[in-house]
Amino acid sequence: MQGPFTLSKSNRHNTISEDELQRFKTNYIFMWTALGTSPHLADSERDSYDVNSRIRGHEFLPSRATLFACSRDGYVPSRNTVFKIVDFFNANFTPAITPWTFLHEDLSESTMYKRRGTSIHDEDYIGVYNCYYPASREANGIFGAILKIYLAGTVLKAFLITSIRTDEAFKDPSLRKFFNNPTPSPTDFKIFQGAYTKSSPFVRKGRRYYYFEGNVEVTDCSILIVFRSDEGNDSRKLIFTMNTKRLPSERIDPYHGGLAFVMTTSDTPFGTRFYPMGVINSLYGFYSLQDEHISEALHLCPSERDIHLTDKADDVWNDLALAQRR
């Protein structure tokens with residue numbers, strides 16, 4: 001079986017075979033149909049592009065003339081054009097594919113390809129969540145974080161504040177008020193933190209919170225958020241993934257909460273870390289960072305090879321949320 005194309009200059013511009021051309025045409029039509037648009041409308045959106053556009057990856061598209069030509073009979077795209085189309089496809093669909101797949105498999109026959117960030121349940125996760133995770137340098141210590149998921153235009157976005165060390169700080173009205181901002185930005189947070197560290201009795205000298213923001217991708221079974229934080233020369237990433245099995249089936253109650261896995265890394269000297277994070281909808285109240293139920297729920301029992309994010313572990317946080325409601 002032939003493998004995926006490489007990105008070498010020699011084969012990016014070679015023409016494709018007749019069989020590959022037919023498969024390209026089929027998948028090209030499928031792609032635009034699944035996006036609910038056409039090359040013409042996509043190009044129009046690209047002219048007035050902003051971050052809230054429902055179609056992503058406009059920068060990968062070839063020229064307007066090439067897009068229209070790909071729809072015509074008799075036109076044979078270069079491999080370079082195929083690569084651009086595939087990059088655009090991968091910006092909008094998951095799982096990612098290779099150019100070889102686009103030229104040899106009928107994507108319309110599979111049910112595995114889904115729009116990135118799209119789910120019929122997207123808006124069920126909008127809200128503010130209290131989060132709990134193990135402190136990195138304090139034995140048996142628990143830190144707090146606050147997560148907000150919100151809709152910006154047509155895009156589901158989120159921001160996260162971490163490194164909350166005390167119950168008083170966790171419940172501080174000034175901090176909570178910041179989460180009422182409908183469309184926060186890193187600049188808003190810098191202004192807030194500058195004033196907060198000077199006036200708040202809950203922030204010790206030399207300590208600060210970390211602010212992350214990112215887009216939310218929702219599937220039928222999980223949430224994935226790739227957060228970023230850029231403060232001066234400190235560029236951090238935080239990858240957040242959470243099971244959503246416990247979304248109420250009747251869609252009446254909001255999402256209660258669950259267990260997330262988090263990986264943090266940085267482009268500066270900062271150790272990569274992997275840890276669990278418990279998430280509880282703030283509508284269901286507040287647990288102390290010293291609560292033994294929280295520390296017990298964050299204790300993982302890995303097997304010899306893997307750490308599993310199981311439904312059973314997720315149930316614990318769902319139950320903790322509901323216990324606060326009673």
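The residues of the chain are indexed from 1 along the displayed sequence.
- Considering only heavy atoms from C-beta on, L320 comes within 4.5 Å of H293 through its side chain.
- A continuous path of hydrophobic side-chain contacts links I126 to V216 [ILVMFWY only; heavy atoms under 4.5 Å].
- Here the side chains of Y129 and I146 are not in contact, with every heavy-atom distance at 4.5 Å or above.
- Annotation for A158 and I149: closest pair CB-CG1, 4.1 Å, computed over non-hydrogen atoms.
- For the pair L67/Y28, a side-chain contact is recorded, criterion being any heavy-atom separation below 4.5 Å from C-beta on.
- Side-chain atoms of S295 come within 3.5 Å of backbone N or O of E292 as a donor-acceptor pair.
- Considering all non-hydrogen atoms of both residues, L289 and D167 come closest at N-OD1, 2.8 Å.
- The two atoms that bring I164 and I161 nearest to each other are CD1-O, 4.3 Å, heavy atoms only.
- Here CG of L147 is found 12.5 Å from CZ of F212. Values are rounded to the nearest 0.5 Å.
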Take L238 and I225, measure what side-chain contact (heavy atoms from CB on, under 4.5 Å) needs, and give me the verdict at the end. CA-CA 8 Å; L238 187 152; I225 312 174; over 6 Å; no
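- In this structure R176 satisfies the side chain to side chain donor-acceptor pair (under 3.5 Å) test together with N130, sequence neighbours excluded.
- For the pair F192 and T187, the minimum side-chain heavy-atom distance is 4.5 Å or more.
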Worked verdict on F102 versus I85 for side-chain contact (heavy atoms from CB on, under 4.5 Å): CA-CA 9 Å; F102 203 85; I85 296 297; 3.8 Å; yes
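- For T66, the side chain to side chain donor-acceptor pair (under 3.5 Å) test picks out S63, with sequence neighbours left out.
- Taking CD of Q290 as the start and OG1 of T166 as the end, the distance is 8.5 Å to the nearest 0.5 Å.
- No side-chain donor-acceptor contact under 3.5 Å links K171 to the backbone of F286.
- Of all heavy-atom pairs between G214 and F227, the closest is N-CD2, 3.7 Å.
- Under the 4.5 Å side-chain criterion, counting only non-hydrogen atoms from C-beta, V316 is not in contact with L259.
- F30 is linked by a ring-ring contact (aromatic ring centres under 6.0 Å, His included) to nothing, counting only residues two or more places apart in sequence or in another chain.
- Listed by chain and number, the residues in a side chain to side chain contact (heavy atoms under 4.5 Å, CB included) with L21 are I16, E18, K25, V76, P77 (sequence neighbours excluded).
- Remark: N90 engages V86, A96, I97 in a side chain to side chain contact (heavy atoms under 4.5 Å, CB included) (not counting sequence neighbours).
- Taking all atoms of both residues into account, the shortest heavy-atom contact from V279 to C131 is CG2-SG, 4.0 Å.
- Heavy-atom minimum distance, Y209 versus A169: OH-CB, 3.3 Å.
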Steps toward side-chain contact (heavy atoms from CB on, under 4.5 Å) verdict (S78, T81): CA-CA 5 Å; S78 68; T81 295; 3.3 Å; yes
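- Dense packing is recorded around CZ of R273, with more than 12 heavy atoms of other residues, nucleotides or ligands lying under 6.0 Å away.
- Relative ring orientation between H104 and W100 is described as parallel, the plane-to-plane angle staying below 30° on a 0-90° scale split at 30° and 60°.
- Under the 4.5 Å side-chain heavy-atom criterion for Ile, Leu, Val, Met, Phe, Trp and Tyr, F24 and L35 are members of the same hydrophobic cluster.
- Qualifying side chain to side chain donor-acceptor pair (under 3.5 Å) partners for S17, counting only residues two or more places apart in sequence or in other chains: E20.
- Separation of atoms OH (Y150) and CG (N181) is listed at 8.5 Å; rounding is to 0.5 Å.
- Residue Y132 forms a ring-ring contact (aromatic ring centres under 6.0 Å, His included) with just one option from F143, Y275, F170, and that option is F170.
- Stacking of R236 on the aromatic ring of Y210 is recorded, both the 6.0 Å distance cut-off and the 45° axial limit being met.
- Every residue two or more places apart in sequence or in another chain was checked for a side chain to side chain donor-acceptor pair (under 3.5 Å) with N27, and none qualifies.
- Within the 4.5 Å cutoff, no side-chain heavy atoms of F88 are placed close to those of R56.
- No side-chain heavy atom of V218 sits less than 4.5 Å from a side-chain heavy atom of L224.
- Atom CG in L175 sits 12.5 Å away from atom NZ in K177 (nearest 0.5 Å).
- Under the salt bridge (charged side-chain N to carboxylate O under 4.0 Å, His left out) criterion, D106 pairs with R23, sequence neighbours left out.
- Between the side chains of H256 and N318, a donor-acceptor pair is found at a separation under 3.5 Å.
- Legend: residues meeting ring-ring contact (aromatic ring centres under 6.0 Å, His included) with F159, ordered by chain and number and at least two apart, are F178, F179, Y211.
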Residue pair T241, I223: steps toward the side-chain contact (heavy atoms from CB on, under 4.5 Å) verdict: CA-CA 6 Å; T241 184; I223 291 175; over 6 Å; no
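- F274 and I239 end up in the same hydrophobic cluster when Ile, Leu, Val, Met, Phe, Trp and Tyr side chains are linked at under 4.5 Å.
- Scored by the ring-ring contact (aromatic ring centres under 6.0 Å, His included) test, F93 finds F89 as partners (sequence neighbours excluded).
- In this structure, the side chain of T272 does not engage the main chain of T265 through any donor-acceptor pair within 3.5 Å.
- Rounding to the nearest 0.5 angstrom, the gap separating the CD atom in E217 from the OG atom in S222 is 7.5 Å.
- Contact annotation: the side chain of M277 never approaches that of F261 to less than 4.5 Å [non-hydrogen atoms, C-beta and beyond].
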